[in-house]
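Reviewing the structure listed below.
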Amino acid sequence: MTRHDHSVTGEGHLPAGPGPAEPGNHSSGPGPAAPGNHHSAHGHGHSHGQDATDLDWEVLGPVLENGAEVHLPVYEQAVDWLRTLLAADGGPGPDAVRRVLDVGSGPGVAACVLAQAFPDAEVVAVDPGAALLERARERAVRLGLGDRVRTHIAEVTDGLDALGGADLIWSSKVLHHIGDQRAAVAALAGHLRPGGLLAIAEGGLAPRFLPRDIGIGRPGLLARLDAAGEDWFTRMRTALPDSEDGLEDWPAFLADAGLRTPCTRSFLLDLPAPLAGAAREYVVATLTRILEAYGDRLDEDDRTTLARLTDPHDAAGFARRPDAFLLAVQTVHTARAR
């Protein structure tokens, strides 16, 4: 089963629903990732449960950026793999990449990783959130990439025609917030130059960050959050305009878009206990969003447990727990233009 991580990672907007924003993209609006769902909110403008225009991205921007920075090891692993694929099967090689699009870029963490990995390329961070794109510009300048990273305001997948073709298109945790995912993949594929690569970060495994028995509430909290998050995600997808009720098969979507040699690989984020401060903040943000998004679907005992876990003053809270860790898996699907 495809997991839908609704975490607050920073690529894409956090979904207004469960789950923190996914690492890397900002198209989902600010939602914590439901442990059990792996469509974190990366990508912007596809907020569920509340309109993205109601969200204060000036406030949420730092939360998204922190979440994306926590997931930097995943982005770096994935981009290294893409470099290898670009050189495989007689491909043009990574040095031939001249333009990269990060569609649903959020605050630009992944865009900057892409700029570092492809030093001869112009990287365009595409997102509907002006405040997030401003953070992307500031980040690029801080990292000495300001001359190669530019920004473009547009909804996913509209508004890309003005950018011209690209040798690599990256989109993380954004497309699951579009009703017709197959059509969205095809739209992005249409902007690839010959031999170019489309990479879609969707699915993986739900994050884990606590033992089964945490000493408060009933054991198995994360499994119950998984179930509630899956229910939330299903309802969110059903409510999207032009929602397609069908098999969620990303490699098939890539093949249907006319791309060749689809391949899939998953990347591990393994941050053992005791968890560092930034990662703890990310998980607390995720749990807070879960309470806001679908806490009413949990029983009173689980709501009380979540309230304690998100309380910075509670000795059993996540901020103080020595057993806190973060283990997550992100899947990336990719294929090449003919």
Side-chain angles (χ1 to χ4, degrees), residues 1-6 11-12 22-25 27-28 33 36-40 42-43 46 71 74-75 77-92 94 97 100-104 110 114 156-157 160 165-206 230 233-234 237 240 242-269 328-338:
M1 175 192 333
T2 298
R3 304 305 292 178
H4 314 289
D5 173 17
H6 313 282
E11 252 195 276
E22 301 181 1
N25 275 359
S27 81
S28 316
N37 280 11
H38 189 70
H39 294 294
S40 336
H42 280 253
H46 308 287
H71 289 79
V74 168
Y75 302 144
Q77 293 173 61
V79 171
D80 283 347
W81 178 57
L82 296 179
R83 284 179 55 86
T84 300
L85 290 178
L86 283 163
D89 300 324
V97 174
V100 178
L101 305 184
D102 179 3
V103 179
L114 290 162
V156 178
T157 55
L160 302 184
D167 304 297
L168 172 62
I169 299 176
W170 166 270
S171 186
S172 175
K173 300 175 183 175
V174 172
L175 299 190
H176 64 260
H177 294 289
I178 295 177
D180 190 341
Q181 298 172 117
R182 187 187 305 272
V185 170
L188 292 182
H191 294 281
L192 285 175
R193 293 170 175 166
L197 207 61
L198 174 58
I200 306 293
E202 291 285 356
L205 296 176
E230 291 290 353
F233 187 82
T234 298
R237 286 280 315 153
L240 290 173
D242 303 318
S243 179
E244 292 288 325
D245 183 15
L247 182 64
E248 199 169 81
D249 186 342
W250 296 99
F253 295 164
L254 291 165
D256 290 347
L259 304 182
R260 61 186 178 89
T261 60
C263 25
T264 295
R265 185 171 170 183
S266 296
F267 302 92
L268 176 68
L269 178 68
V329 174
Q330 176 61 56
T331 299
V332 178
H333 312 276
T334 185
R336 189 193 304 275
R338 299 181 186 278

Identify, with sequence neighbours excluded, every residue that meets side-chain contact (heavy atoms from CB on, under 4.5 Å) alongside Ala199.
->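 Only Leu82, Trp170, Val332, Thr334 meet the side-chain contact (heavy atoms from CB on, under 4.5 Å) criterion with Ala199.
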
Please name all residues satisfying side-chain contact (heavy atoms from CB on, under 4.5 Å) with Ser243, sequence neighbours left out, ordered by chain then number.
->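 For Ser243 the side-chain contact (heavy atoms from CB on, under 4.5 Å) partners, ignoring immediate neighbours, are Arg237, Leu240.
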
Below 4.5 Å, heavy atoms only, C-beta onward: do [X] and [Y] meet side chain to side chain?
| X | Y | result |
| --- | --- | --- |
| His176 | Gln181 | yes |
| Val185 | Thr157 | no |
| Trp250 | Leu175 | yes |
| Leu86 | Leu197 | yes |
| Leu160 | Ile169 | no |

Please report the closest heavy-atom contact between [X] and [Y], naming both atoms and the distance.
| X | Y | value |
| --- | --- | --- |
| Phe253 | Glu248 | CZ-CA, 4.3 Å |
| Ala335 | Pro262 | CB-CA, 3.7 Å |
| Leu259 | Ala337 | CD2-CA, 3.7 Å |
| Gly196 | Leu192 | O-CD1, 3.7 Å |
| His71 | Leu269 | CD2-CD2, 3.6 Å |
| Thr331 | Ser266 | OG1-OG, 2.7 Å |

For Thr264, what residues pass the side chain to side chain donor-acceptor pair (under 3.5 Å) criterion, not counting sequence neighbours?
-> His333

Scan residues 253-263 for pairs that pass side chain to side chain donor-acceptor pair (under 3.5 Å), counting only residues two or more places apart or in two chains.
->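 Applying side chain to side chain donor-acceptor pair (under 3.5 Å) to every pair that reaches into residues 253-263, excluding sequence neighbours, yields Arg182-Asp256.
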
Enumerate the residue pairs fulfilling salt bridge (charged side-chain N to carboxylate O under 4.0 Å, His left out) with a member in residues 329-338, sequence neighbours excluded, ordered by first and then second residue.
->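 Sorted pair list comes back empty.
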
Arg193: what forms a salt bridge (Lys or Arg N to Asp or Glu O under 4.0 Å) with it, not counting sequence neighbours?
-> Asp167

Starting at CG of Leu101, measure out to OG of Ser171 and round the result to the nearest 0.5 Å.
->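 Interatomic distance, Leu101 CG to Ser171 OG, rounded to 0.5 Å: 10.0 Å.
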
Ignoring hydrogens and angles, tell me if any N or O in the side chain of Gln330 forms a donor-acceptor pair with the backbone of Leu268 under 3.5 Å.
->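 A pair under 3.5 Å: no.
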
